[in-house]
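Below is one structure. I have some questions about it.
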Amino acid sequence: MSLTLILLAATAATPPAPPARSDAVALARSCEDKDGFSDPAPPARVFGNVWYVGTCGVTVLLITGPQGHILVDAGVEDAVPQVLANVRKLGFNPKDIGLIVSSHEHFDHVGGLAALQKATGARVVATAEAAKVIRSGKISPADPQAQEIHGSPPARVDFILKTGDVFSIGPLKITAFATPGHTEGSTSWHWKSCEGNDCRTITYVDSLTALPLGTYRFADHPERVAMFRKTFAQVEALECGILLTPHPSASAMFERMSGAAPLASPDACRALVAGARDRLEKALAK
């Protein structure tokens, strides 16, 4: 049975009207040939009450509501001022963010978590596996990238989540489901957003990339391979609606947001998995 966590937040101002589609075009142009984790990007609407407030290389999403907002991922530590500025540019108050959720416990997605907690006062939820890393700031020794990436500033985790947990702020509801592989705590999310009577499922699928660094070899870690394959099957079966990803380039987010490609495709999740599965098999072959 799903657990619903009701987060009390100060009543936020009525969200302003969405910007014109030209904002998404401006985002795509600003980030053309740029994918650095800290490369600045202007904010843009994704769909309905979902806004892109991250950088050229790392997704941060703002889901807005009348009683408070949800932030999806935190970006890198030095991009926090950019994220907060983007929230303000859209006409929203960072203090009205009541919940921060994350994809996985690498510095490019949770590095800004502690600073954003301080700036917003928001609660943070994570899986038990991700919470260990977030609270300590140290990468898990079992992480395939542990030998070559650094940790992040320790941050507070207010609630340990499980697959199926639903978190709410007023009418906003977001559902978690574990998708381990890239990290042990990898988590994906889905929710509904509407533009008038047009309501869509939005699925934020965490990184599915099998990326071994240093001397790590997936062939030596069958338990990690099994994790990936279980996650692939789960994501492949989804009707993901509008697919969003922690790195926008992984799912051509900017192209789709700007209208250069369809925003939603019935094959989006299957295509994402196909690329990830191929990469895992190549890593195993090495």
Side-chain angles (χ1 to χ4, degrees), residues 31 33-39 54-60 72-79 102-113 126-127 129-134 136-152 177-189 203-236 238 240 243-254 268-286:
C31 292
D33 300 322
K34 296 178 184 175
D35 62 359
F37 293 170
S38 301
D39 286 342
T55 63
C56 288
V58 179
T59 301
V60 181
V72 182
D73 266 332
V76 293
E77 183 181 14
D78 62 5
S102 61
S103 54
H104 66 270
E105 60 277 23
H106 281 165
F107 73 96
D108 46 333
H109 306 288
V110 298
L113 199 51
T127 64
E129 295 80 6
K132 291 176 186 176
V133 174
I134 292 170
S136 70
K138 298 177 181 178
I139 293 295
S140 166
D143 193 309
Q145 298 180 46
Q147 295 177 40
E148 294 190 14
I149 66 171
H150 58 77
S152 55
F177 58 104
T179 48
H182 188 70
T183 69
E184 295 150 273
S186 286
T187 308
S188 298
W189 301 86
T203 308
Y204 189 68
V205 176
D206 190 21
S207 297
L208 302 179
T209 309
L211 179 58
L213 296 181
T215 59
Y216 190 97
R217 297 292 178 266
F218 283 107
D220 299 331
H221 299 275
E223 74 291 344
R224 180 70 61 162
V225 175
M227 249 187 234
F228 268 113
R229 288 182 171 152
K230 183 177 179 180
T231 287
F232 291 165
Q234 179 184 11
V235 174
E236 198 170 38
L238 294 173
C240 58
L243 171 65
L244 304 177
T245 49
H247 293 284
S249 60
S251 59
M253 278 177 56
F254 295 161
C269 277
R270 288 187 287 276
L272 187 70
V273 169
R277 183 179 283 123
D278 181 64
R279 183 162 187 158
L280 175 61
E281 294 305 325
K282 287 177 178 176
L284 284 168
K286 285 183 181 180

**Study point:** For Phe218, all residues meeting ring pair (Phe, Tyr, Trp, His ring centres under 6.0 Å), sequence neighbours excluded
**Key:** Tyr216, Phe228
Check your understanding: Can you tell me how far the CZ atom of Phe107 sits from the CG atom of Leu113, to the nearest 0.5 Å?
Key ->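 Interatomic distance, Phe107 CZ to Leu113 CG, rounded to 0.5 Å: 15.0 Å.
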**Study point:** Within the 6.0 Å centroid threshold, strictly below: His247 and Phe37
**Key:**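 Close enough - the centres of the two rings lie under 6.0 Å apart.
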Review point. Within the distance-only criterion (no hydrogens, no angle test), does the side chain of Ser188 pair as donor or acceptor with the backbone N or O of Ser186 below 3.5 angstrom?
Key: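 Side chain of Ser188 to backbone of Ser186, a donor-acceptor pair under 3.5 Å: no, none is there.
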Check your understanding: With distance as the sole criterion, is a donor-acceptor pair present between the side chains of Ser152 and Glu77 under 3.5 Å?
Key -> no
Practice item. Taking all heavy atoms of Pro248 and all of Gly57, pick out the closest pair and write down the distance. Key: CD-O, 3.6 Å
Point to revise | Shortest non-hydrogen separation from Ser102 to Trp189 and the atoms involved | key: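 That closest heavy-atom pairing would be O-NE1, 3.0 Å.
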Practice item. Would you give the length of the straight line joining atom NE2 of His106 to atom NE2 of His150, rounded to the nearest 0.5 angstrom? Key: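 It is 11.0 Å, given to the nearest 0.5 Å.
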Check your understanding: For Ala146 and Ser140, which heavy atoms make the closest approach, and how far apart are they?
Key ->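 Closest pair (atom of Ala146, atom of Ser140, distance): CB-O, 3.4 Å.
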**Study point:** Steps toward salt bridge (Lys or Arg N to Asp or Glu O under 4.0 Å) verdict (Glu236, Arg229)
**Key:** CA-CA 10 Å; Glu236 198 170 38; Arg229 288 182 171 152; over 6 Å; no
Check your understanding: Any chance the side chains of Asp73 and Ser103 put a donor and an acceptor closer than 3.5 Å?
Key -> yes
**Study point:** Side chain His182, main chain Thr209, donor-acceptor under 3.5 Å
**Key:**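 At least one qualifying donor-acceptor pair exists.
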Exercise for review: Rounded to the nearest 0.5 Å, what's the gap from CG on Asp108 to OG1 on Thr59? Could you check?
Suggested key: 10.5 Å
**Study point:** Separation of Glu184 CD from Lys132 NZ (nearest 0.5 Å)
**Key:** 7.5 Å
Point to revise | Approximate separation, where rounding is to 0.5 Å, of Arg277 CZ and Leu208 CG | key: 10.0 Å
Exercise for review: Taking all non-hydrogen atoms of both residues into account, name the closest pair between Leu280 and Ala210 and its distance.
Suggested key: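 Closest approach of Leu280 to Ala210: CD1-CB, 3.8 Å.
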Practice item. Mind running side chain to side chain contact (heavy atoms under 4.5 Å, CB included) on Leu211 and Arg279 for me, showing each step along the way? Key: CA-CA 8 Å; Leu211 179 58; Arg279 183 162 187 158; 3.4 Å; yes
Exercise for review: State, to 0.1 Å, how close Pro246 and Tyr204 come at their nearest heavy-atom pair, and which atoms those are.
Suggested key: CA-OH, 3.1 Å
Review point. Do Thr179 and Asp206 get their side chains close enough for a donor-acceptor pair, meaning under 3.5 Å?
Key: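 Their side chains do not contain a donor-acceptor pair, so the 3.5 Å distance test is not met.
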Check your understanding: Donor-acceptor pair, Thr231 side chain versus Pro180 backbone, under 3.5 Å?
Key -> yes
Practice item. Could you tell me whether the side chain of Thr203 and the main chain of Val205 form a donor-acceptor pair under 3.5 Å? Key: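 No, Thr203 side chain to Val205 backbone: no donor-acceptor pair under 3.5 Å.
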Point to revise | Val76 to Ser38 - nearest heavy-atom pair and separation | key: CG2-OG, 3.4 Å
Review point. Measuring from Asp35:CG to Ser249:OG, what's the distance to the nearest 0.5 Å?
Key: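 Result: 6.0 Å between the selected atoms.
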